[in-house]
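Please read the structure below before turning to the comments.
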Amino acid sequence: MLHKAKYVTALFLLILFLASFTSKMKPPFGIRTVVIDAGHGGKDPGCHGDEFKEKDVALGIALKLGAYIEKFCPDVRVIYTRKTDVFVELNERAAIANRNKADLFICIHCNSACAINKKTHKETCNEDAQGSETYVMGLSKANANFDVARRENSVITMEKDYKTKYDGFDPNSDEGFIMDHIAQGAVMDNSLKFAARVQANFKQHAGRLDKGVKQAGFLVLWKTAMPSVLIETGFLTNPDDHDYLGDDKGQDNMAASIFSAFRQYKDDLEGRNVKYDDEVEKMNAYNAPKRVHPKKDPEVQLPKDSVEKKDDPVKKDSVQVIDNGMKQPINRSPDDTIPENEKGIIFRVQFFSSDKKLAADAKELRMIYDVNCYYQGGQYKYTSGNCKKPDEATKLQTYVRKNGYPDAFVIAFKDGKRISYNEAVKLLKE
């Protein structure tokens, strides 16, 4: 009898051990399905910069993110709300996540810093607005957060019977954000945890300016029943963010950063403590090359007398630097006035950038003439020319491209300060 009791006790302890071991091998909860939502699409382009549209950038990052999850987390099912340039209604995006019982919903967007002047009805953009931010569902009263949510929610006006479909929701009213179904408890907590991971990885792996985790009334998040975030990857109205997000490698860095956050969040939720040493964790911040808007690159022939001859020497005093937004040549103090030939609207051709200032006779500058340099975003950016008209700069661009810099592009200044090309053209017309 005693022997039998010992046997039963040993069997009971074995069962407890196996149960404990099994629970560690297969956690009771975790990430099994993730839905990735590329914002906008089809007839809805979203916001835009000089060259790139939000719908295209968002889709590029979404597909790359999904590929990373499928490669490194094969136990996770990846579902996309769209994989091509099609229009998907906001409620359907959330419904896809709900129908598939997703454990996480990741919505990818790009930001904009433009507004319509109510008096002039003209759009003005703040090119200084820059950086990445991640939103969770909430009723923030911050004006900036409200503006972002209102812009993203306004897509519902493209849908048929949207007032009926969304219970009279008005994307342009403050009252439209007074929602009584805001996720509480674990759903909100996990949304915030994942959002914080995303922002930290953007800063570490992609070198992005961290604008933090925020709350706002996004319809697409409101309709989902699982932890959800909406990621504003950067401002297409900012030249640096625009060129980074439009570049294939820049998009890859953004996707890898989100994936790294996803993997960390998944491990936390499933009770694992793993340190990874793969291509994702070793990824360094990437400085994307500047791009050229297709409209600025027509097929033109360069007149023989429009540039100096190749064998002319480069003058040392032709190299100039912009400090604090004001262009200053090397031999001029910040207090000096801007020369007459630099006042007003000036177009130049940017052909090279470096994190270190080059000597005037550096090999990178030998084939280009009338060289200037300005400093922005931690980079010394070198330009050629001092053109008063955009078509003159376009011809010079063709010359520079044929002489070793195929990615050269046209930029504009006003009284020594960098402005957008489109703004410069508008000012000339006015």
Review point. Checking ring-ring contact (aromatic ring centres under 6.0 Å, His included) for the pair H242/F235: CA distance, chi angles, key distance, verdict?
Key: CA-CA 6 Å; H242 170 272; F235 287 80; over 10 Å; no
Exercise for review: Assess the side chains of Q199 and D210: does a donor N or O sit below 3.5 Å from an acceptor N or O?
Suggested key: yes
Check your understanding: Is there a donor-acceptor contact under 3.5 Å linking the side chains of H48 and E54?
Key -> no
Practice item. Pick out which of E232, H40, K55 makes a side-chain hydrogen bond (donor to acceptor under 3.5 Å, both in side chains) with H109. Key: H40
Exercise for review: Determine, for F262 and R197, whether the Lys NZ or Arg CZ falls below 6.0 Å from the six-membered ring centre while staying within 45 degrees of the axis.
Suggested key: no
Review point. Can you list the steps and then say if Y421 with I411 is a side chain to side chain contact (heavy atoms under 4.5 Å, CB included)?
Key: CA-CA 6 Å; Y421 177 89; I411 62 174; over 6 Å; no
Review point. Pick one: which of R348, K381, R418 meets side-chain hydrogen bond (donor to acceptor under 3.5 Å, both in side chains) with Y374?
Key: R418
Practice item. Indicate yes or no: at least one non-hydrogen side-chain atom of I36 is less than 4.5 angstrom from one of V78. Key: yes
Point to revise | Y276 versus R263, side-chain donor and acceptor atoms under 3.5 Å | key: no
Check your understanding: Which heavy atom of A38 sits nearest a heavy atom of L59, and at what distance?
Key -> CB-CA, 3.7 Å
Check your understanding: Got a sec: does the NZ of K64 have more than 12 other heavy atoms crowding it under 6.0 Å?
Key -> yes
Point to revise | Residue K53 excluded, over 12 heavy atoms near NZ under 6.0 Å | key: no
Check your understanding: Are C47 and C110 close enough that their SG atoms are less than 2.5 Å apart?
Key -> no
**Study point:** Polar side chain donor-acceptor pair, N201 to S260, under 3.5 angstrom
**Key:** yes
Review point. Between D267 and R272, is there a donor-acceptor pair closer than 3.5 Å when you use the side chain of the first and the backbone of the second?
Key: no
**Study point:** Salt-bridge contact R32-D103 (side-chain N to carboxylate O under 4.0 Å)
**Key:** no
Exercise for review: Look at D268 together with K193 and state whether they make a salt bridge at an N to O cut-off of under 4.0 Å.
Suggested key: no
Review point. In terms of ring plane angle, is the pair F352 and Y405 parallel, tilted or perpendicular, where the classes change at 30° and 60°?
Key: perpendicular
Exercise for review: For the residue pair Y135 and E133, confirm or rule out a side-chain donor-acceptor distance under 3.5 Å.
Suggested key: yes
Check your understanding: Can you list the steps and then say if K266 with D75 is a salt bridge (charged side-chain N to carboxylate O under 4.0 Å, His left out)?
Key -> CA-CA 11 Å; K266 182 176 184 293; D75 60 321; 3.1 Å; yes
Practice item. Would you check, one step at a time, whether the test salt bridge (charged side-chain N to carboxylate O under 4.0 Å, His left out) holds for R99 with E92? Key: CA-CA 10 Å; R99 283 197 301 268; E92 176 58 19; 2.8 Å; yes
Practice item. With R208 as the cation and Y244 as the aromatic partner, state whether NZ or CZ is under 6.0 Å from the six-membered ring centre and within 45° of the axis. Key: yes
